[in-house]
Number of protein chains: 2
Amino acid sequence: MDILLAEDQSMLRDALAKLLSLNDEVKHVSLAKDGEEAIQILQLKIFDVVILDIEMPKKTGLDVLEWIRKNKINTKVIIITTFKRCGYFERAINNNIDAYVLKERSIDELMKTIKNVIAGNKEYSPELMENIFTTKNPLTTQEVEILKKISLGLSNKEIAENLHFSNGTIRNYISIILMKLNTNNRLLAVKLAKENGWI
Amino acid sequence: MDILLAEDQSMLRDALAKLLSLNDEVKHVSLAKDGEEAIQILQLKIFDVVILDIEMPKKTGLDVLEWIRKNKINTKVIIITTFKRCGYFERAINNNIDAYVLKERSIDELMKTIKNVIAGNKEYSPELMENIFTTKNPLTTQEVEILKKISLGLSNKEIAENLHFSNGTIRNYISIILMKLNTNNRLLAVKLAKENGWI
DNA sequence: ACATACATATTACATTTGTCACATCAAATT
DNA sequence: AATTTGATGTGACAAATGTAATATGTATGT
């Protein structure tokens, strides 16, 4: 088995690589420290399995997943992440992810998952399956865009200039965002959206 | 060497434990999944080195460190963390930490650090030493308290009620906070303070 | 062709947030 | 005893934020 492992936290990347290599069935483990590097490596070589962390600099694991599917790279993809963000999970599912597991698992379980996806099976973390239908992101792309600006600390006026809208339009959008999220100020909206992985 | 490892993320805990155990000099690695568990285990057994993650449920690694020093437990303590928060670092230094390293290191380096502290040396991540003097928390305890409330999304009025002050007083405090942090709205202040580990 | 939805904008308004100057009182300092 | 300092409060104001009703042009569906 040839494996590509993309994970930004050196210690975990290093540890996982060493432990995976100890396994007889694993031929070689390539490493990437961010999404961009992962994509570069994927263009040079074929892997049986690609293991992606989500939150990485440059490009996220989800970005890499989308790139893999768009370019029809023939490989299994496993997402490993700390975060129980349903938004992340949803996006992964939409891109036909093979396995989605939380870092709350052990290495042995990860090994099992790897064999499992190579055998052609899917494997989703059950904790996430539960919530998936209840907490779907209610915001449109535009609204998400605006909420992201808010989360950076921009004022309405700044957002308006930034996105080439009138101040009033932005205020309207924000009003709708607050209504949808059932919050009554921008800070709460940002907090809620972050907790759910929507921004 | 007897080692206690406290880390909430199972995958990393598991991986680190396995790799540390592979080393001949390591006799046994005990595991804790949060700060509270770590303290319990520390009451039962003596360790040469305790390795603590900071952000854990129940009690943080810094809480455990403080407990160790207060109870005069004879052991070396290493903090490993993802976060370059100077506030964290400051608190660790004040409690006579033996080593403070970022998770951006490899396992081999961690092993070196362990030997190093057992030999009686200190080891601080150099990235953090640079900033420590430049970015000291300028806020008073009261101000931090208020900023925390803000970060939860409370309005001025709510904070006032919550802390038994007048609305105006809270506004004054916030005004001072914004001035100190050189920001012009509450969201930016929260963002900045979080990035620096002040709240 | 017509109705509907969508994105954008305007206006007016109420509320919240942030600034500033100053008041009060108690505790600490000189 | 007089002064300074710190914590708390007030009032007045400007600016930002949030709400709501409504308008307009474009695209979409039937």
Side-chain angles (χ1 to χ4, degrees), chain A residues 66 87 90-91 94 133 135-199, chain B residues 87 90-91 94 135-199:
Chain A
E66 276 168 12
E90 210 182 322
R91 199 169 147 202
N94 289 340
F133 298 110
T135 55
K136 205 167 155 300
N137 183 353
L139 304 178
T140 66
T141 323
Q142 183 75 272
E143 287 158 0
V144 168
E145 198 62 25
I146 290 171
L147 194 50
K148 273 185 192 160
K149 301 285 181 191
I150 294 179
S151 78
L152 296 176
L154 301 199
S155 70
N156 293 343
K157 211 200 303 176
E158 288 168 322
I159 298 173
E161 282 162 15
N162 204 297
L163 259 39
H164 309 292
F165 288 123
S166 84
N167 191 336
T169 302
I170 295 298
R171 295 231 297 283
N172 289 339
Y173 274 120
I174 294 177
S175 212
I176 292 167
I177 292 171
L178 297 187
M179 196 177 46
K180 282 189 179 178
L181 300 189
N182 196 26
T183 53
N184 45 32
N185 69 57
R186 51 180 54 210
L187 212 148
L188 272 176
V190 168
K191 191 161 161 296
L192 185 67
K194 272 190 182 159
E195 280 166 5
N196 283 288
W198 295 333
I199 59 172
Chain B
E90 212 181 321
R91 200 170 146 200
N94 289 339
T135 56
K136 207 167 154 299
N137 183 354
L139 305 178
T140 67
T141 323
Q142 183 75 272
E143 287 159 359
V144 168
E145 199 63 25
I146 290 171
L147 194 50
K148 272 185 193 160
K149 301 285 181 191
I150 294 179
S151 78
L152 296 174
L154 301 198
S155 69
N156 293 345
K157 212 200 303 177
E158 287 168 324
I159 297 173
E161 282 163 15
N162 204 298
L163 259 38
H164 309 293
F165 288 123
S166 84
N167 191 334
T169 302
I170 295 298
R171 295 231 298 282
N172 288 341
Y173 274 118
I174 294 177
S175 210
I176 292 167
I177 293 172
L178 297 187
M179 196 179 44
K180 283 188 179 178
L181 301 189
N182 197 26
T183 52
N184 45 30
N185 69 57
R186 49 181 54 211
L187 212 149
L188 273 176
V190 168
K191 190 161 163 291
L192 185 67
K194 273 191 183 159
E195 281 166 5
N196 283 289
W198 296 331
I199 61 170

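In this text the structure is predicted, and so the values were computed from the model without any measurement. Atom set for the values below is all heavy atoms of this structure, side chains included, hydrogens, waters and symmetry mates excluded. A, B, ... follow the sequence lines: proteins, then strands. Residue 1 opens every chain.
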Min side-chain heavy-atom separation B:Arg186-B:Ile177 under 4.5 Å: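 No, too far: nothing below the 4.5 Å cut-off.
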Side chain to side chain, B:Ile176 and B:Thr140, heavy atoms closer than 4.5 Å: no
Mind calculating the distance between CG (A:Leu187) and P (C:dT16) to the nearest angstrom? 16 Å
Closer than 4.0 angstrom, basic N to acidic O: yes or no for B:Glu161 and B:Lys157? no
Does a side-chain N or O of B:Arg171 approach OP1 or OP2 of C:dT16 to a distance below 4.0 Å, or not?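 Indeed not, no polar side-chain atom of B:Arg171 lies that close.
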About how many Å separate [atom2] of [Y] and [atom1] of [X], when rounded to the nearest 0.5 Å?
X: A:Leu139; Y: A:Glu145; atom1: CG; atom2: CD; value: 12.0 Å
X: A:Lys149; Y: A:Leu163; atom1: NZ; atom2: CG; value: 5.5 Å
X: B:Thr169; Y: B:Asn156; atom1: OG1; atom2: CG; value: 11.0 Å
X: B:Ile170; Y: B:Ser155; atom1: CD1; atom2: OG; value: 10.5 Å
X: B:Leu147; Y: B:Trp198; atom1: CG; atom2: CH2; value: 10.0 Å
X: B:Ile146; Y: B:Ile174; atom1: CD1; atom2: CD1; value: 6.5 Å

All N/O contacts under 3.5 Å from nucleotides 25-28 of chain C to the protein, with atom names and distances to one decimal?
none

For residues 172-184 of chain A, which residues have at least one heavy atom under 4.0 Å from DNA chain C?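 Under 4.0 Å from DNA chain C: A:Asn172, A:Tyr173.
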Go through residues 152-162 of chain A and report each residue with a non-hydrogen atom lying under 4.0 Å from DNA chain C, sorted by number. none
Give me the first and last nucleotide of DNA chain D, going 5' to 3', that has any atom under 4.0 Å from a heavy atom of chain B. D:dA7 to D:dA12
Name the residue closer to the 5' end of DNA chain D, choosing between B:Asn167 and A:Ile150 according to the nucleotide with the nearest heavy atom. B:Asn167
Minimum heavy-atom distance between [X] and [Y], given as atom pair plus value:
X: B:Ile150; Y: A:Leu187; result: O-CD2, 3.5 Å
X: A:Leu188; Y: B:Leu152; result: CD2-O, 3.4 Å
X: A:Leu178; Y: A:Ala189; result: CD2-CB, 3.6 Å

Return yes if some donor-acceptor pair links the side-chain N/O of A:Ser151 with the main-chain N/O of A:Lys148 below 3.5 Å, else return no.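 Looks like yes, one N/O pair under 3.5 Å.
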Under 3.5 Å donor-acceptor, B:Asn185 side chain and A:Gly153 backbone: yes
Stretch residues 138-147 of chain B: residues that reach within less than 4.0 Å of DNA chain D through a heavy atom: B:Gln142
Counting only heavy atoms not in A:Lys180 (residues, nucleotides, ligands), do more than 12 fall under 6.0 Å from its NZ?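 Atom NZ in A:Lys180 is crowded, with more than 12 foreign heavy atoms closer than 6.0 Å.
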Rounding to 10°, can you tell me the angle the first-five-pair axis of the helix from C:dA1-D:dT30 to C:dT30-D:dA1 makes with its last-five-pair axis? 30°
